[in-house]
Amino acid sequence: MKKERLVHIAIPGTGGRTFTYRLPEPLAGNLQPGQRCRVPFGRRRLIGFYVGPAASPPSARLKEIDQPVEPVSLFGDELYRFLQWMAEYYLAGLGDVLTAAIPPWLRRAGQPSFIVTERFPSVAARMNLPDKIAPPRPPGTVLDHRQLTTLATLSNGLVDRLVQEGALSLDWIGSAPPPRGQLRGYHLNQKNTPDQWQRIILDKFENPAGPLTKSCLKAAGLTEYRIRKMIAEGSLVAEYGLPESIAYIKPRPGVDSIVPSNQQQAAIETILGERDNFAPFLLYGITGSGKTLVYCHITREIYRQGKSVLVLVPEIALAGTLLSYFQSFFGDRVALLHSALSPRERAAVWQNIASGRYRIVIGARSAIFAPLRDPGLIIVDEEHDESYKQDDPAPRFQARDAAVMRAKMAGIPVVLGSATPAVESFHNARSGRYRLLKLTRRPERSATPVVRLIDLRDEWPVAGIPFLTATLRRKIDDALGHDRQVILYLNRRGFSPRIKCTSCGHTPQCPHCRISLTYHRSGNKLMCHFCGYVNAAYDTCEKCQGEKFVYLGTGTQKIEEHLTGAFGGAHLVRLDSDSAGRRTNASKILSEFAAGQYNILLGTQMVTKGIDFPRVTLVGVLMADIGLDMPDFRASEKLFAKLIQVAGRSGRGIEPGEVVIQTFHPRLDLIDDAARQDYDTFYEREIESRRALGYPPFAHLVNFRLSAKKEESVKDQSLHFRRQLEKRLARTDLRVQLLGPAPCPLYRLRGLFRRHLFARTRAIRKLTTLLHHWQTDQPDFGLPSSIRLAIDIDPYDMM
Ligand code: ADP
Ligand code: ZN
């Protein structure tokens with residue numbers, strides 16, 4: 001049998017193609033899918049990924065692979081197949097997807113060390129390794145280069161098998177800083193018979209399960225060196241707390257002994273009944289119905305079986321309730337993939353997930369790439385949330401949809417939870433593709449809040465205070481008087497979003513994006529909220545030199561000032577992406593609000609997310625209509641979800657909650673449904689309109705967005721692109737409708753002119769295959785290099 005000599009290599013940044021290389025003899029038959037290799041590429045040396053053997057006849061010009069970066073693939077089989085699917089479905093380069101799945105710190109780092117584990121002797125014995133290769137080595141020994149080479153030459157793939165069997169563990173991080181935030185202390189690893197030093201600790205401390213502080217250990221006679229050595233040998237374990245940015249998240253003692261309600265118990269049992277199969281569930285539970293408890297119970301069972309559980313949340317900093325539940329149930333067995341981790345910490349967490357040390361992983365959308373050991377369950381909390389969609393850069397994926405696919409490929413259950421399911425998800429539940437589980441009640445005493453609509457046309461705000469009607473003011477006074485907390489929601493940020501010159505009527509616009517600039521009082525500056533352009537100190541009109549302006553519209557910052565005046569004694573805090581700045585501040589603001597340091601929390605959509613503050617009894621939506629006129633077929637769905645979600649923050653404790661929604665359109669169906677907290681009626685109407693207009697879930701959309709510096713060129717090339725696409729479609733029996741090209745609503749962004757066209761089809765896989773073939777013959781789709789083309793499958797961003 002002839003050994004494979006030519007191979008396909010995927011290289012990041014080169015689109016959907018792979019490249020053919022020769023394989024040097026010693027590597028033949030020895031590479032695994034996804035394994036990183038250094039390859040010559042043009043005049044550079046790049047890191048590519050082994051994809052598989054290539055069939056094309058050898059050509060003299062083919063270059064040889066240099067060498068693998070490490071002797072194993074970073075991806076297990078399960079993860080590799082999933083990433084391959086993602087590259088195909090979302091029409092992204094396999095090299096780019098595989099790179100996205102590796103923590104940035106490992107992308108450039110080279111060789112890992114191989115460390116002997118306590119399983120080495122038994123595995124070596126089972127494999128009959130000669131003694132000179134596998135003399136008994138204490139766990140923790142790092143194999144040197146010579147030992148590795150000996151192992152590698154002994155038999156093909158031996159090193160990899162030792163890793164798979166758990167006899168060797170890989171370490172890219174070396175003496176990395178703690179994987180998770182602050183050092184809390186140490187505890188003994190009491191699996192083995194205690195050694196001399198462990199015995200000292202056992203003698204001195206009543207509770208060696210810890211955490212024992214470093215000073216205690218030192219007082220007991222252990223030196224700094226000894227502590228490090230014990231950790232390296234595995235007899236002492238360092239414990240770390242949450243990163244500081246989310247340190248406000250405290251375990252909620254006792255939640256692990258809450259008895260699930262009948263509805264919760266039924267959901268738990270149904271899901272666990274399918275634990276060994278692919279089974280997608282939609283857990284549709286009203287706000288405050290206790291979805292989190294369900295997640296924890298099913299996680300505990302799957303974990304006990306020795307499998308891994310992945311929990312996706314829209315944003316870690318806003319997932320406080322969920323995190324505190326998981327902390328109470330599982331303590332530091334939970335790995336958090338948080339954006340405040342340093343690249344090195346992230347790599348360390350990743351490595352510990354890959355080794356199976358962490359089997360419960362919580363993270364935002366990119367956690368879908370977690371290298372889970374033996375996955376057993378995936379949970380997607382708040383599955384309707386838009387932040388699961390990655391718009392840019394490629395891969396442009398939907399993490400919730402991808403989670404369902406990963407579960408399908410792994411043959412495990414996946415649970416999507418929401419009080420306002422995405423229309424697509426609810427449709428899947430209705431049509432039987434997902435199993436629907438309902439939680440229709442809030443447990444115990446707390447009832448769903450009473451909602452009241454205020455027509456802004458009848459009741460105009462109290463003089464001089466935007467959006468504060470007399471009714472709302474009275475209710476706020478009342479809540480504050482009873483020492484309760486209030487959340488006020490406005491779907492817009494900035495101070496006086498637009499300004500207008502009173503003499504000439506000019507409204508300043510961003511020179512790059514042609515959208516109105518937002519006025520920010522702090523710093524007296526104008527800012528473009530799309531590209532970040534700042535025009536500092538705007539005090540004279542650029543057109544007529546006038547010095548007087550009117551402020552149109554009102555943002556959270558302006559309201560903050562007015563309200564602080566109106567409720568003199570109250571402490572108010574604003575939470576929006578300006579005040580939050582770095583995400584760490586969002587957590588800080590929420591924790592202080594939770595601790596009762598503030599009476600009123602005012603903010604944008606950040607206040608609508610899954611927070612659970614029992615003392616909040618009043619939620620005010622200052623103006624519900626904002627956002628309805630967005631050029632986006634999901635505009636109603638997004639607005640409806642936000643109204644329900646923010647209303648759901650009210651009355652979670654013992655006191656009943658109230659919600660006030662102020663609107664100019666009280667008779668609008670969507671507002672009316674939101675006021676009645678009636679998702680089902682909203683869904684029925686929305687799904688009919690989607691059906692009538694041929695929007696998802698009745699068809700898939702693909703957005704082709706072209707952009708360039710030259711306006712004319714984008715116009716010509718987008719027409720040209722459409723004609724080319726039509727020609728290729730005409731040769732198939734694919735039914736695809738093309739819309740556009742048209743200027744994007746944000747026509748000019750970051751100095752580029754933008755046009756898009758949409759394809760609408762039911763046969764999305766066939767369309768992506770066609771596009772893939774097109775890209776194989778013409779990597780740039782026949783477009784000049786001055787044009788940037790972004791292809792977005794199942795797009796969310798229509799702007
Ligand atoms: P959801 O995520 O569905 O909006 P949560 O999981 O935040 O709801 O739960 C809402 C509140 O109800 C929490 O404070 C939680 O502790 C409480 N809770 C959940 N399940 C039960 C139960 N079975 N008995 C009593 N209280 C519960
Ligand atoms: Zn701009």
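We count ligands from 1, going down the list as the structure has it; atoms in each ligand are counted the same way. A quick note: this is a predicted structure, and the numbers were derived from the prediction, not measured.
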Per-atom contacts of ligand 1 with G290, taking only distances under 4.0 Å to non-hydrogen atoms: 1 (P), 3 (O), 5 (P), 6 (O), 8 (O), 9 (O), 19 (C)

Residue I286 vicinity, atoms of ligand 1 by number, heavy atom under 4.0 Å: 3 (O)

Geometric N/O contact T321 with ligand 1, under 3.5 angstrom: no

Aromatic plane relationship, Y679 with F682 - under 30° parallel, 30 to 60° tilted, over 60° perpendicular: tilted

Numbered atoms and elements of ligand 1 in range of T292, under 4.0 angstrom, heavy atoms: 2 (O), 5 (P), 6 (O), 7 (O)

Salt bridge (charged side-chain N to carboxylate O under 4.0 Å, His left out), paired with E424, selected from R634, R433, R400: R634

Face-on cation placement of R435 at F281 ring, 6.0 Å and 45° thresholds: no

R442 vs T287, side-chain contact (heavy atoms from CB on, under 4.5 Å): CA-CA, chis, key distance, verdict: CA-CA 8 Å; R442 286 186 171 184; T287 56; 3.3 Å; yes

Ligand 1 atoms in contact with S261 (distance to a heavy atom under 4.0 Å): 23 (N)

F329 ring center near H297 ring center (under 6.0 Å): yes

Cation-pi geometry met for R359 and Y303 (6.0 Å, 45°): yes

Per-atom contacts, ligand 1 versus R252 - under 4.0 Å to a heavy atom: 14 (O), 16 (O)

Contact check, S289 vs ligand 1, heavy-atom distance below 4.0 Å: yes

Min N/O separation L293 to ligand 1 under 3.5 Å: no

